[in-house]
Amino acid sequence: MPITYNEEKKIFHLFNEQTSYIFSIFYDKYLVHCYWGKRVKDDDMLYHAKYYGTGMAPNPVDENPFFSLDSLTREYPGYGNSDMRNPAYHIELENGSTVIDLGYDSHRIRGGKPKLQGLPAAYVESEGEADTLEIDLIDSLIGLKVTLIYSVFNDYNAITRSVKFTNMGKETLKIHKALSANVDFSSADYEMLHLSGAWARECQVIRKPLTAGTQSIESARGTSSPQHNPFLAMLSSGTDETNGEAYGFSLVYSGNFVAQAEVNHHDITRVNIGINPFDFLWNLKPHDSFQTPEVVMVYSYQGIGGMSRIYHRLYRDRLCRGKYRDKLRPILINSWEAVYFDFNESTLLSLCKKSASIGIELFVLDDGWFGKRNDDTSSLGDWYVNKDKLPGGLKGLAEKVQENGMKFGLWVEPEMVSPDSELYREHPDWCIHVPNRKRTTGRSQLVLDFSRDDVCIAVLKMLGNILSTVPISYIKWDMNRHLSEIGSANLPPNQQRETAHRYILGVYNVLEKLTSAYPHVLFESCSAGGGRFDPAMLHYMPQTWTSDNTDAVQRLKIQHGTSIVYPASSIGAHVSAVPNHQTGRVTDLKFRNDVAMSGNFGYELDIRSLSDSEIKEVSYQIEMYKEIRDLVQFGDLYRLKDPFGDKDSSLLYVSSNTKRAVLFYFSVHTSCRYQHKLIKLVGLNPDVIYDVNELMYVQQDYEPSMIDQISMMTCDKRKSYYGDQLMHGGFQVPFKWGDFKSSVFLLKAHVEK
Ligand code: DGJ
């Protein structure tokens, strides 16, 4: 049992092989956080929970004038009775008071992990995989029960937390704030790491030391957003990729969120995360309950990389679901950057034929196939095929794609409606809007009100019509704007501020039904790229289009940042044309291929426009990806060099039995030092001899330049090394001439012939 309760000392100890999480009950009432970190044998870590009876702090326990909630490390703090910091919840009573006084009531420890009602969450496949602790806190004056739910995975070194509010009283309670978890660290000696950016610049790694006061990230955009990923980490000072302590908080939620760290006057750091309280108000009626989303908390003493690998394994195995969870993902070609809206059946089939001939496995028809959509100003909601473009319908096209030996995939954007659409003309009240206010469009579209059952049912019907009649293997589910004028025609005035959360619950409901009804379909989520790249979406759709920015140089950073939490199997990465459509940059085909091969690989360009020698190179790369696909998609990732800090960047994926690995090395800007790059590998077996071979397409007309010859002369001619040599002595990556160069090496345990 990885959860124990020490009756005598009133201590809860949640643990697995590597981690302990300990808290206690003080004065039979207050839950006090004691420790989270490397596994300890003895659960008595009470000496960590200090309180200071400093000036001006009220003292809620009459007999102890030194006991102050304001300085205590607490499990789930409220507001109103002497803790003056950011509370984890905030509730208003009918009399206008917001003072709540919760105290410990009871707890249960049991095997397994319960599902969260209506919300995605990490899961177990058998009871033995995890244990769960539920603690009821009660405010008896108003009949409020708050259940803290903790699950500890045995094999994944992660703890999940969520909270359920149950109204057992007689009055309706207004929940203004209900976060998913709170951890009070007993020091402020941390750096905060978060993944922030914008459209086409998602998941840039930001790291900064904590300072006094509150530092936070949030979204009030109706989606988790490209501005801030719903993730935060605390890093002990000196933590790097391989060493040091990292504490991750990853919220399984796709709507408005907040994640913050507050350093108080005693240098205690309060970290909490959950639904953004801004513009949120939930009416909790008698007998009803409110479930918060789940947060996945990971501790690692093996640096940021150690933390990432825990998230990767857990999210790959126990968050993603469905047939594709453990399957190699197909190499796809997407029509978007190849032809945008300008296509007909013969255009698509010629793209498809060429793609099939070089080994691409899935043909994806992106935007523009429905209604009268020839640009982005109309037709969202009118999900019937444009027969002018596709006279044989989607079915006719899909069958022809299949005849070419490829699978067929389709783009949809079901959460949206264009004002210029049949659907909008018929149901103008079906979009998110506020009476008498302008309905602000974004990309000429409005957001459908998924908080309404009738809208969800209609969307399911529309998608069902397509999925049950067309042989579709893959759906790209897009979402291209944020929510404004948030309100629902279906909700009474006092529930309007429930709309944003109800919207996302509606999206989950539709996705749950759809993915269960069509289990053979691989779903990929997208929100103008990585605008909603979050764990909740991965629960339904095991991969995401990482960014609309396909520039290989920019992608190094975007993919690196995304990989802090999310596994490579989920990180869609495509080769696109040059000059790049987002940045105008020109890079080598090999560089673009290699950057994309370090994620979930595909193409996004008019393959028909490539020269014969480029086509040969692309065919070679596709063959190579097939050889390394299992390593990238299911191996352990070690980030060896950081594109944010270094001039070069490098990634290594190692198979779980350590017998194979693939090393990527990217050099963005050259210098005239002509030096090989010595790089120390990680995660290999020190006792295994690895044969190391560069995966390189050599063009037939290849003439080595002078620098190549110098490089060849000085290059290490050895091809086999012990793992310990590669890890401690390092590996020499040969110098390559010019900007935007890359190398990929396959490492295989040597077999005597
Ligand atoms: C935004 C997506 O990120 C693109 O890949 C493409 O699907 C367009 N939408 C289509 O409108």
Side-chain angles (χ1 to χ4, degrees), residues 197-203 221 223-227 229 254 332-343 347-348 351 362-383 385-386 389 394 408-418 420-421 441-448 463 472 474-482 522-534 537 541 543-552 554-555 558-559 562 570-577 580-583 592 596 599-606:
W199 170 77
R201 193 163 46 80
E202 298 86 346
C203 283
R221 296 166 179 273
T223 75
S224 43
S225 91
Q227 278 72 18
N229 200 269
S254 315
L332 64 79
I333 181 153
N334 180 297
S335 65
W336 182 240
E337 285 197 20
V339 292
Y340 294 102
F341 294 102
D342 185 17
F343 59 83
T347 329
L348 297 177
L351 259 177
L362 168 68
F363 181 81
V364 179
L365 171 55
D366 208 280
D367 200 350
W369 57 267
F370 52 93
K372 57 181 176 78
R373 190 155 164 103
N374 292 315
D375 55 35
D376 62 13
T377 59
S378 82
S379 303
L380 294 169
D382 296 345
W383 299 104
V385 75
N386 179 339
K389 287 182 176 177
L394 284 175
F408 178 69
L410 190 67
W411 176 96
V412 287
E413 194 178 358
E415 293 163 71
M416 297 293 150
V417 62
S418 308
D420 182 7
S421 66
T441 53
R443 205 193 190 204
S444 305
Q445 62 200 56
L446 296 165
V447 182
L448 277 178
L463 290 169
I472 287 180
Y474 159 106
I475 287 282
K476 175 176 173 187
W477 177 296
D478 205 348
M479 196 282 182
N480 282 305
R481 59 157 293 179
H482 293 153
L522 170 60
F523 283 82
E524 173 159 329
S525 81
C526 173
S527 178
R532 205 165 56 177
F533 202 139
D534 61 55
M537 283 294 141
M541 307 190 257
Q543 58 190 58
T544 304
W545 178 226
T546 311
S547 179
D548 271 354
N549 188 342
T550 57
D551 175 307
Q554 301 265 288
R555 270 297 186 123
I558 295 169
Q559 291 172 197
T562 307
S570 68
I571 298 180
H574 301 170
V575 179
S576 62
N580 178 267
H581 293 194
Q582 291 77 40
T583 63
R592 281 175 278 147
N600 185 338
F601 185 57
Y603 286 84
E604 179 114 9
L605 79 177
D606 190 347

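When a ligand or atom number is given, it counts from 1 through the structure's own listing order.
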Undergrad: For the residue pair Ser525 and Arg532, establish whether any side-chain heavy-atom pair is separated by less than 4.5 Å.
TA: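 Not in contact.
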Undergrad: Can you tell me the protein heavy atom closest to atom 1 (C) of ligand 1 and the distance?
TA: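 The protein heavy atom lying closest is Asp478 OD2, 3.1 Å.
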Undergrad: Tell me the protein heavy atom at minimum distance from atom 11 (O) of ligand 1, and give that distance in Å.
TA: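 Sorting protein heavy atoms by distance from atom 11 (O) of ligand 1 puts Asp367 OD2, 2.6 Å first.
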Undergrad: With atoms numbered from 1 as shown, which atoms in ligand 1 lie under 4.0 angstrom from a non-hydrogen atom of Trp545?
TA: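 It comes down to these atoms of ligand 1: 3 (O), 5 (O).
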Undergrad: Could you tell me the residue and atom name of the protein heavy atom closest to atom 4 (C) of ligand 1, and the distance to it rounded to 0.1 Å?
TA: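 The closest one turns out to be Asp548 OD1, 3.5 Å.
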Undergrad: Will you find, in the side chains of Glu337 and Thr550, an N or O donor that is under 3.5 Å from an N or O acceptor?
TA: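 Looking only at side-chain atoms, Thr550 and Glu337 do form a donor-acceptor pair, the distance falling under 3.5 Å.
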Undergrad: Quick check: does any side chain N or O of Arg555 sit under 3.5 Å from a backbone N or O of Ser547, one acting as donor and the other as acceptor?
TA: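 Yes.
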Undergrad: Between Gln582 (side chain) and Asp548 (backbone), is there a donor-acceptor pair under 3.5 Å?
TA: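 Yes: the side chain of Gln582 pairs with the backbone of Asp548.
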Undergrad: Could you pull out, from Asp366, Asn480, Thr550, the option with a heavy atom nearest to atom 7 (O) of ligand 1?
TA: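 Nearest heavy atom to atom 7 (O) of ligand 1 lies in Asp366.
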Undergrad: Taking distance alone, with N or O pairs closer than 3.5 Å, would you say Phe341 contacts ligand 1?
TA: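 Looking only at distances, the answer is no, because the N/O contact criterion of under 3.5 Å is not met.
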Undergrad: Can you tell me the protein heavy atom closest to atom 5 (O) of ligand 1 and the distance?
TA: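 Minimum-distance protein heavy atom for atom 5 (O) of ligand 1 reads Lys476 NZ, 2.7 Å.
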Undergrad: Using atom types as modelled and distance alone, determine if a side-chain donor or acceptor of Trp411 lies under 3.5 Å from a backbone N or O of Trp369.
TA: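 Not confirmed, Trp411 side chain does not pair with Trp369 backbone.
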Undergrad: Is any side-chain heavy atom of Val447 closer than 4.5 Å to a side-chain heavy atom of Met416?
TA: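 When only atoms from C-beta onward are counted, Met416 and Val447 do touch, with a gap below 4.5 Å.
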Undergrad: N/O of Trp411 under 3.5 Å from N/O of ligand 1, yes or no?
TA: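 Indeed, backbone or side chain, Trp411 has an N or O that close.
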Undergrad: Is Arg443 near ligand 1, meaning one of its heavy atoms is under 4.0 Å from it?
TA: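 Under 4.0 Å: yes for Arg443.
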Undergrad: Provide the number and element of each atom of ligand 1 under 4.0 Å from a heavy atom of Cys526.
TA: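 So the atoms of ligand 1 that pass are 2 (C), 3 (O).
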Undergrad: I'd like to know whether CZ of Arg201 has more than 12 heavy-atom contacts from other residues, nucleotides or ligands below 6.0 angstrom.
TA: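 No, the 6.0 Å shell around CZ holds no more than 12 heavy atoms from other groups.
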